[in-house]
Amino acid sequence: METTTEKKPYGTVLIRAKDILDYLEYRVNPVSLQEICTALNTSKSTVLKILNTLCSIDFVKRDEETKKYTLGTALIRYGETARKSFNIVNVAEAVLEELNEVIGETVHLGIYEQDHVVYVKKLNGKGQIILSSQVGHTLPLYCSAMGKAYLAEQSEKDVRDYLSRITIEKRTENTITDPEKLIQDLQEVKQRGYAIDNQENEKDIYCIAVVIKRNGKIEGMMSVSAPRFRITEEKKQKMITSILEARQKIESKLNG
């Protein structure tokens, strides 16, 4: 009888290095060796060895005066190359700029990766309020418009499997934390063709999102986000109409 074994990743030190980079990604200020060790629950000797290697290849930078660490400049080059390699970014860019101009609000393009949405493109709104999102950052599927647009395209079994392996965090008072209510919300998303995040991921932010498909397969997700106080019924309908038109244009290019 043939048996199968689960494939294990090669090189646990690479995984630990990624953990360090992931931790540094969300730190606004430089952090100390002790802070990294505490956050990752790893010994100083192990973390220091990895940090020294990451510093030698410019993935991490160490301030010699404060002895604290930040992400290095080499990652900018890799990130820019990775961004350009995404065909959907290149194909969608002109349409996203048009959508941004028509709506005057922040436009995001994201992809699915490991139970999260990853921002791969952002165009700021025309107002004085600039949203805190950044290219490369991630957000949960269950409480974001792009994430819910993605989940609505999955089978109920796949959605339940996803919910069973994550921890639902109540990020705002509007976050849907009941799995059954979330599944019902996803069914409504599927029926109307777009997802809404009404301050579910971030207080005072309203988003509308859709998936983008090529040959029936999801290539990414697109959203329009605005401060909640600017959302009137007329503005909402304009956002919906505009993002659906933008999706059609992008999918025409992808499938053409």
Side-chain angles (χ1 to χ4, degrees), residues 1-10 12 15 18-19 22 26 82 85-89 91-92 108-121 133 136-202 205-225 236 239-240 243-244 246-248 250-252 254-255:
M1 180 178 177
E2 183 179 358
T3 59
T4 59
T5 57
E6 182 181 355
K7 292 183 178 180
K8 295 183 178 180
Y10 177 75
T12 55
I15 297 175
K18 180 182 180 300
D19 290 340
D22 287 346
Y26 291 100
S85 70
F86 283 111
N87 185 47
I88 189 169
V89 175
V91 171
H108 292 105
L109 182 68
I111 61 169
Y112 168 82
E113 187 173 291
Q114 297 180 346
D115 288 342
H116 288 81
V117 174
V118 180
Y119 291 124
V120 294
K121 182 72 177 179
S133 54
H137 281 190
T138 62
L139 65 162
L141 299 177
Y142 65 87
C143 61
S144 62
M146 284 197 287
K148 292 200 294 180
Y150 176 87
L151 287 175
E153 296 291 327
Q154 314 307 308
S155 68
E156 184 173 328
K157 179 183 182 304
D158 286 342
V159 172
R160 290 187 182 278
D161 287 345
Y162 157 73
L163 293 173
S164 70
R165 64 178 178 263
I166 67 159
T167 299
I168 296 181
E169 175 189 351
K170 192 170 182 61
R171 297 168 74 94
T172 74
E173 62 181 15
N174 286 5
T175 304
I176 302 173
T177 57
D178 184 329
E180 297 306 320
K181 289 183 179 179
L182 180 59
I183 289 173
Q184 181 181 348
D185 184 51
L186 295 177
Q187 291 172 347
E188 294 173 3
V189 171
K190 181 70 173 177
Q191 289 174 358
R192 66 174 176 250
Y194 58 88
I196 296 174
D197 160 14
N198 184 7
Q199 307 179 84
E200 295 168 43
N201 179 60
E202 187 176 352
I205 302 298
Y206 186 94
C207 305
I208 294 176
V210 296
V211 294
I212 300 169
K213 296 182 179 181
R214 173 161 53 184
N215 298 325
K217 179 183 177 183
I218 297 175
E219 288 288 308
M221 294 78 72
M222 168 177 54
S223 71
V224 177
S225 305
K236 176 183 174 182
M239 289 169 68
I240 293 169
I243 199 170
L244 291 175
R247 175 175 65 181
Q248 185 177 18
I250 295 172
E251 289 185 341
S252 293
L254 287 172
N255 296 305

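The analysis underlying the following values was restricted to heavy atoms, covering all of them including side chains, and did not include hydrogens, waters or symmetry mates.
Here the closest non-hydrogen pair linking Ile168 and Ile176 is CG2-O, 4.0 Å. Annotation for Ala149 and Ala209: closest pair CB-O, 4.1 Å, computed over non-hydrogen atoms. Residues Thr172 and Thr175 approach most closely at N-OG1, 3.0 Å, considering heavy atoms. The two atoms that bring Ile111 and Glu219 nearest to each other are CG2-O, 3.9 Å, heavy atoms only. Residues Ser223 and Ser225 share a closest heavy-atom pair of OG-OG, 3.9 Å.
Here the options are Asn198, Ile243, Leu244, the test is side chain to side chain contact (heavy atoms under 4.5 Å, CB included), and the partner is Ile208; only Ile243 passes.
Atom CG in Asn215 sits 10.5 Å away from atom CD in Glu251 (nearest 0.5 Å). Here the CG atom belonging to Asn174 is positioned 12.5 Å from the CD1 atom belonging to Ile205, to the nearest 0.5 angstrom. In this structure, the separation between OG1 on Thr138 and CG on Leu141 is 10.0 Å, given to the nearest 0.5 Å.
Residue-environment remark: CD (Gln248) stays at or below the threshold of 12 foreign heavy atoms within 6.0 Å.
Considering only heavy atoms from C-beta on, Met221 comes within 4.5 Å of Val117 through its side chain. Within the 4.5 Å cutoff, the side chain of Met222 has no heavy atoms near those of the Lys121 side chain. Within the 4.5 Å cutoff, the side chain of His137 has no heavy atoms near those of the Val118 side chain. Counting heavy atoms from C-beta on, the side chains of Arg214 and Ile88 never come closer than 4.5 Å. Within the 4.5 Å cutoff, side-chain heavy atoms of Leu109 are placed close to those of Ile212. Side chains of Asn201 and Pro140 form a contact here, defined as non-hydrogen atoms less than 4.5 Å apart.
Residues Tyr119 and His108 bring their aromatic ring centres within 6.0 Å.
When atom types are taken as modelled, the side chain of Lys190 and the backbone of Glu153 share no donor-acceptor pair closer than 3.5 angstrom. For the pair Tyr162 (side chain) and Tyr142 (backbone), a donor-acceptor distance under 3.5 Å is present. Asp197 places no side-chain N or O within 3.5 Å of a backbone atom of Tyr206 that could act as its donor or acceptor partner. Side chain of Gln154 to backbone of Tyr150: a donor-acceptor contact under 3.5 angstrom is found.
With respect to the salt-bridge test (charged N to carboxylate O, under 4.0 angstrom), the residues Glu202 and Arg171 do not qualify. Look at Asp115 and Arg165 and you find a salt bridge, because one of the NZ, NE, NH1 or NH2 atoms lies within 4.0 Å of a carboxylate O, short of that distance. With salt bridges taken as basic N to acidic carboxylate O contacts below 4.0 Å, one links Asp22 and Lys18. With salt bridges taken as basic N to acidic carboxylate O contacts below 4.0 Å, none links Glu200 and Lys170.
Checking Asp161 against Ser164 by side-chain atom types alone, no donor-acceptor pair falls below 3.5 Å.
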### Message
Go through it in stages, so that I can follow the logic: the residues are Lys148 and Asp185, the test is side chain to side chain contact (heavy atoms under 4.5 Å, CB included), and I'd like the CA-CA distance, side-chain angles, deciding distance and then a yes or no.
### Response
CA-CA 9 Å; Lys148 292 200 294 180; Asp185 184 51; 2.8 Å; yes
### Message
Is there a side chain to side chain contact (heavy atoms under 4.5 Å, CB included) between Arg247 and Lys213? Walk through the geometry before answering.
### Response
CA-CA 9 Å; Arg247 175 175 65 181; Lys213 296 182 179 181; over 6 Å; no
